[in-house]
Student: 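Please see the structure below; I have some questions.
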Amino acid sequence: MNYEKDMSRLRNFLTNGTKISVKLEFGNNDEYCFNSQVIGFKNHAFIIIDYPHKVIDDLIVRNLKYAKTIIRAKSNSELGHIIAFRTNILHIIMQPAPMIMLKVPHDYACKPIRKHYRFQFTAPVEININNRHYNGMLTDFSVSGCKISLNHEAFVELGAKVDVKINIFPEQESIISSTITNITKFKSEKIIGVFFNQQIPFDDRLQSAIFKYCYPDC
């Protein structure tokens, strides 16, 4: 991983709601791990994260102030950067909601995990899975795959073969054979990640189509 000191870039990686993994180190191989999420930043002084109630119960007899802490996260950046850094707990706040305030680190490890840039825009899509047809909405796109929002009632399975029709392409190029690699379920929708069986050439026509969707007012 590369180590960086640009805290404004760290703030862009750790946007509000970003899921994080937290490890507390108490010494003598005494550790405690839990999952949390970023609530926000306070200037350049500290990072605020959620303090789950189960963790409160588990650590009720612990003195957490200044505890050594390791944070790991996968950002929602275009290249899906993995972020990791060491820090310390500055304060614990219980009102209006339980929160942990972490010291902003001096530096952090940063590594992209995607090979191809992801463009974030919305466009209508149609998918066909074993002759089941669904309409959805594209939420991001790269030359090797995309993310699609579907109605929560859509029946999808990991590893399923799917034909994706993305309406930003000319008709003869619009149907892309793909495989479902990820499914995230919410109350009102399902978000599926699909991997294209063949990488799409990033030629002038594709660049022009993406530009029109990313910058519709230009």
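All values reported here derive from a predicted model rather than from experimental measurement.
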Student: State the CD1-CD distance between I192 and E157, to the nearest 0.5 angstrom.
Tutor: 12.0 Å
Student: Which side-chain N or O atoms in residues 84-95 pair as donor and acceptor under 3.5 Å with protein atoms at least two apart or in another chain?
Tutor:
residue	atom	partner	partner atom	Å
R86	NH1	E25	OE1	3.1
T87	OG1	K103	N	3.4
T87	OG1	K103	O	2.4
N88	ND2	Y66	O	3.2

Student: When you compare the side chain of K161 with that of S177, does any pair of heavy atoms fall below 4.5 Å?
Tutor: no
Student: Can you give me the closest heavy-atom contact between L150 and I127, atom names plus distance?
Tutor: CD1-CD1, 3.6 Å
Student: Measure the shortest side-chain to side-chain distance between I71 and S21 over non-hydrogen atoms and say whether it is less than 4.5 angstrom.
Tutor: no
Student: Work out which heavy atom in F195 is nearest to a heavy atom in S144; give both atom names and the distance.
Tutor: CD1-O, 3.4 Å
Student: Verify side-chain contact (heavy atoms from CB on, under 4.5 Å) between V143 and F119, making sure each step is shown before the conclusion.
Tutor: CA-CA 10 Å; V143 296; F119 300 91; over 6 Å; no
Student: Mind listing the closest non-hydrogen atom pair of Y51 and L59 along with its distance?
Tutor: OH-CB, 4.2 Å
Student: Check whether any side-chain N or O of S149 sits under 3.5 Å from a backbone N or O of M137 as a donor-acceptor pair, and report yes or no.
Tutor: no
Student: If we only count heavy atoms from C-beta on, is the F41 to I47 side-chain gap below 4.5 Å?
Tutor: yes
Student: Would you find a donor on one side and an acceptor on the other, under 3.5 Å apart, between the side chain of N28 and the backbone of D30?
Tutor: no
Student: So how far is it from I83 CD1 to T18 OG1, rounded to the nearest 0.5 Å?
Tutor: 9.5 Å
Student: Would F26 end up clustered with I70 when hydrophobic side chains under 4.5 Å apart are linked, directly or stepwise?
Tutor: no
Student: Going by the rule side-chain hydrogen bond (donor to acceptor under 3.5 Å, both in side chains), which residues pair with N63 if we only count those two or more places apart in sequence or in a different chain?
Tutor: none
Student: Test of understanding: with side-chain contact (heavy atoms from CB on, under 4.5 Å), list the residues that count as partners of F196, not counting sequence neighbours.
Tutor: F141, C146, I166, I176, S178, V194, I200
Student: What are the two closest non-hydrogen atoms of G17 and Q37, and how far apart are they?
Tutor: O-OE1, 3.7 Å
Student: Does the S36 side chain pair with the main chain of D50, one donor and one acceptor, at a distance under 3.5 Å?
Tutor: yes
Student: Supply the atom-to-atom distance K23 NZ to C33 SG, rounded to the nearest 0.5 angstrom.
Tutor: 5.5 Å
Student: With rounding to the nearest 0.5 angstrom, report the CG to CD1 distance, D140 to I148.
Tutor: 9.5 Å
Student: Can you tell if the side chain of I100 reaches within under 4.5 Å of the side chain of T69, non-hydrogen atoms only?
Tutor: no
Student: Do you know which two heavy atoms are closest between I175 and D163, and how far apart they sit?
Tutor: CG2-CB, 3.9 Å
Student: Determine yes or no for a side-chain-to-main-chain donor-acceptor pair under 3.5 angstrom, with K190 supplying the side chain and A154 the backbone.
Tutor: yes
Student: With hydrophobic residues grouped by side-chain heavy-atom distances under 4.5 Å, do I191 and I183 end up in a single group?
Tutor: no
Student: Please tabulate, for the side chains in residues 128-136, all donor-acceptor contacts under 3.5 angstrom to protein atoms that are two or more places apart in sequence or on a different chain.
Tutor:
residue	atom	partner	partner atom	Å
N128	OD1	N131	N	3.0
R132	NE	Y134	OH	3.4
R132	NH2	F155	O	3.2
Y134	OH	F155	N	3.1

Student: Who are the side-chain hydrogen bond (donor to acceptor under 3.5 Å, both in side chains) partners of N12, not counting sequence neighbours?
Tutor: none
Student: Among all residues two or more places apart in sequence or in another chain, which pass the salt bridge (Lys or Arg N to Asp or Glu O under 4.0 Å) test with D58?
Tutor: K54
Student: Nearest 0.5 Å, what's the CG-CD distance between L24 and E31?
Tutor: 9.5 Å
